[in-house]
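Here the structure comes first, spelled out in structure tokens, and everything after it is commentary.
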Amino acid sequence: MLNRTGLIHIFALIVNLNVLIMKKILLSIVSVMAIVLSANAQLTINLSGTSTDIQGQSHNVPLIEAVWSEHLVDFLYNNETGSDQVWILTREIISQPADWGNYYCWGANGVAGTCYPPDAGQYYNSDPETILNGAAGLLTTYVTAPSSGTATYRYHVSTDGQTFLGYVDLIVENFLALEDQAPILTLNVAPNPASENLTINTPGISNTTIKMVDVLGNIVLKETIWGESKKIDVTKFRNGVYFVSVEAEGAKAVTRKVIVRH
């Protein structure tokens with residue numbers, strides 16, 4: 001049977017063993033972190049034609065019209081590690097309008113490489129490309145943006161498609177030209193109050209439908225305006241409050257309150 005001294009020695013051995021195990025674990029964690037930090041320090045990303053490092057930053061591209069498979073910008077992922085690297089490009093969709101699409105091409109050493117079609121998944125990995133030391137992987141970006149909106153795409157680089165070494169964000173904003181946007185209705189009614197005639201104007205918009213209802217929701221008038229103006233005879237309407245609404249294709253309806261007083 002162990003005496004008290006023996007038990008103390010065994011306990012001390014267990015404590016020392018645990019301390020050694022913890023030291024090894026900490027050293028392993030520190031080593032992994034050093035490798036990752038070193039890889040980040042040896043990777044730079046720049047917009048083609050520039051030398052500014054934008055690794056971990058974003059680049060904005062504005063559009064003013066609907067586009068399909070539009071070539072946007074090219075990024076260079078520079079290998080400054082001191083040895084050849086096999087890198088995978090991962091496209092992550094941070095946000096994107098439902099009717100938009102994005103595809104990219106990833107190639108080694110300044111070559112356009114392989115192009116990858118739009119994919120609805122959040123992540124999409126390229127095939128591995130060997131990037132020579134001192135050379136760069138070339139990322140070419142494209143977008144289909146038939147509507148107004150904003151999309152954010154993040155392009156990671158890694159050796160395994162999972163442990164990312166660096167990235168750059170591409171933010172695309174589409175501000176459609178005025179003629180591509182839905183018409184905006186402006187409704188003017190005069191005079192108000194009206195006793196005999198009420199004139200309805202929709203400046204800049206023709207071919208509209210007007211509807212007039214009383215406070216109980218009864219429709220007292222519904223007509224189509226082929227021009228921008230319409231005069232309505234209200235002599236047979238009862239005194240009171242009415243609501244005039246105008247609708248046009250592709251535009252939001254507009255309503256105005258009108259008082260009829262004979």
Side-chain angles (χ1 to χ4, degrees), residues 36-37 39-80 85 87-129 131 135-182 184 250 252:
V36 172
L37 291 174
N40 284 334
Q42 296 166 341
L43 166 69
T44 61
I45 303 174
N46 62 273
L47 194 65
S48 181
T50 71
S51 58
T52 303
D53 182 15
I54 56 174
Q55 198 277 118
Q57 300 179 34
S58 62
H59 179 74
N60 289 65
V61 176
L63 301 173
I64 58 172
E65 60 184 355
V67 297
W68 286 264
S69 298
E70 180 80 0
H71 176 211
L72 298 179
V73 294
D74 301 339
F75 296 101
L76 294 173
Y77 287 67
N78 304 292
N79 177 10
E80 300 170 358
Q85 298 290 316
W87 282 346
I88 295 172
L89 197 288
T90 301
R91 192 280 318 279
E92 177 185 0
I93 299 177
I94 303 295
S95 63
Q96 176 182 256
D99 57 344
W100 285 32
N102 165 259
Y103 77 91
Y104 67 92
C105 303
W106 173 242
N109 312 307
V111 178
T114 304
C115 294
Y116 300 89
D119 186 271
Q122 184 179 5
Y123 295 92
Y124 193 93
N125 289 339
S126 72
D127 294 331
E129 294 283 356
I131 314 299
L138 175 64
L139 168 64
T140 307
T141 61
Y142 299 82
V143 71
T144 291
S147 62
S148 60
T150 302
T152 300
Y153 306 105
R154 178 166 294 177
Y155 299 95
H156 305 271
V157 70
S158 68
T159 58
D160 59 3
Q162 297 179 349
T163 307
F164 302 132
L165 307 176
Y167 72 90
V168 66
D169 283 351
L170 176 62
I171 301 175
V172 184
E173 296 179 277
N174 195 353
F175 307 95
L176 291 182
L178 184 62
E179 58 268 21
D180 294 328
Q181 297 179 356
I184 299 176
K252 184 177 180 181

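These numbers come from the heavy atoms of this one structure, side chains and all, not from hydrogens, waters or symmetry mates.
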Task: Atom pair CD1 (Ile54) and OG (Ser51), whose distance is rounded to the nearest 0.5 Å - done: 11.0 Å

Task: Test item: Asn46 side-chain N/O and Asp53 main-chain N/O as donor-acceptor pair under 3.5 Å - done: no

Task: Interatomic spacing from OG in Ser126 to CG in Leu139 - rounded to 0.5 Å - done: 9.0 Å

Task: Close side-chain approach of Ile45 and Tyr155, heavy atoms under 4.5 Å - done: no

Open item on the list: If I compare all heavy atoms of Gly149 with all of Pro97, which pair ends up nearest, and what's the gap?
Closed with: CA-CG, 4.3 Å

- [ ] I would like to know whether Phe164 and Thr90 meet side-chain contact (heavy atoms from CB on, under 4.5 Å); could you show each step before the answer?
- [x] CA-CA 9 Å; Phe164 302 132; Thr90 301; 3.7 Å; yes

TODO: Give a yes or no answer on whether the side chain of Asn78 reaches the backbone of Thr44 with a donor-acceptor pair at less than 3.5 Å.
DONE: yes

Task: Verdict with supporting geometry, Val67 and Val143, side-chain contact (heavy atoms from CB on, under 4.5 Å) - done: CA-CA 8 Å; Val67 297; Val143 71; 4.3 Å; yes

Open item on the list: Side chains of Tyr153 and Thr141, heavy atoms from C-beta outward: is any pair under 4.5 Å?
Closed with: no

Task: Interatomic distance, Ile93 atom CD1 to Tyr124 atom OH [nearest 0.5 angstrom] - done: 11.5 Å

Task: Heavy-atom side-chain proximity of Pro118 to Asn102 below 4.5 angstrom - done: no

TODO: Assess the pair Tyr116 and Tyr103: is the distance between their ring centroids shorter than 6.0 Å?
DONE: no

TODO: Dump the intermediate steps for side-chain contact (heavy atoms from CB on, under 4.5 Å) on Val172 and Thr150, then the final yes or no.
DONE: CA-CA 6 Å; Val172 184; Thr150 302; over 6 Å; no

Open item on the list: Rounded at 0.5 Å granularity, tell me how far CD in Gln96 sits from CD in Gln122.
Closed with: 11.5 Å

Task: Distance, nearest 0.5 Å, that separates OH of Tyr123 from CZ of Arg91 - done: 11.5 Å

Task: Closest contact, heavy atoms only, Tyr104 versus Asn125 - done: OH-C, 3.6 Å

TODO: Look only at the side chain of Thr152 and the backbone of Ser95, and say whether a donor-acceptor pair between them is shorter than 3.5 Å.
DONE: no

Open item on the list: Using side-chain contact (heavy atoms from CB on, under 4.5 Å), reason through Glu129 and Thr114 one step at a time and then give a plain yes or no.
Closed with: CA-CA 10 Å; Glu129 294 283 356; Thr114 304; 4.2 Å; yes

Task: Nearest-0.5 Å distance that lies between atom CG in Leu63 and atom CD in Glu173 - done: 9.0 Å

Task: Closest heavy-atom pair and its distance - Leu47, Asp74 - done: CD1-O, 3.5 Å

Open item on the list: Ring-plane angle category for His59 and Phe75, please: parallel below 30°, perpendicular beyond 60°, tilted otherwise.
Closed with: perpendicular

Open item on the list: Is any side-chain heavy atom of Leu76 closer than 4.5 Å to one of Leu138?
Closed with: yes

Task: Closest non-hydrogen atom pair, Ser158 against Gly161 - done: OG-N, 2.7 Å

Task: Shortest non-hydrogen contact from Asn109 toward Ala135 - done: OD1-CB, 3.1 Å

Open item on the list: Has Ser148 got a side-chain atom pairing as donor or acceptor with Asn174's backbone, closer than 3.5 angstrom?
Closed with: no

- [ ] Kindly give the heavy-atom pair with the smallest separation between Trp87 and Asn79, and that separation in Å.
- [x] CH2-CA, 3.6 Å

- [ ] Mark yes or no for whether Trp100, through its side chain, and Ser147, through its backbone, hold a donor-acceptor pair below 3.5 Å.
- [x] yes

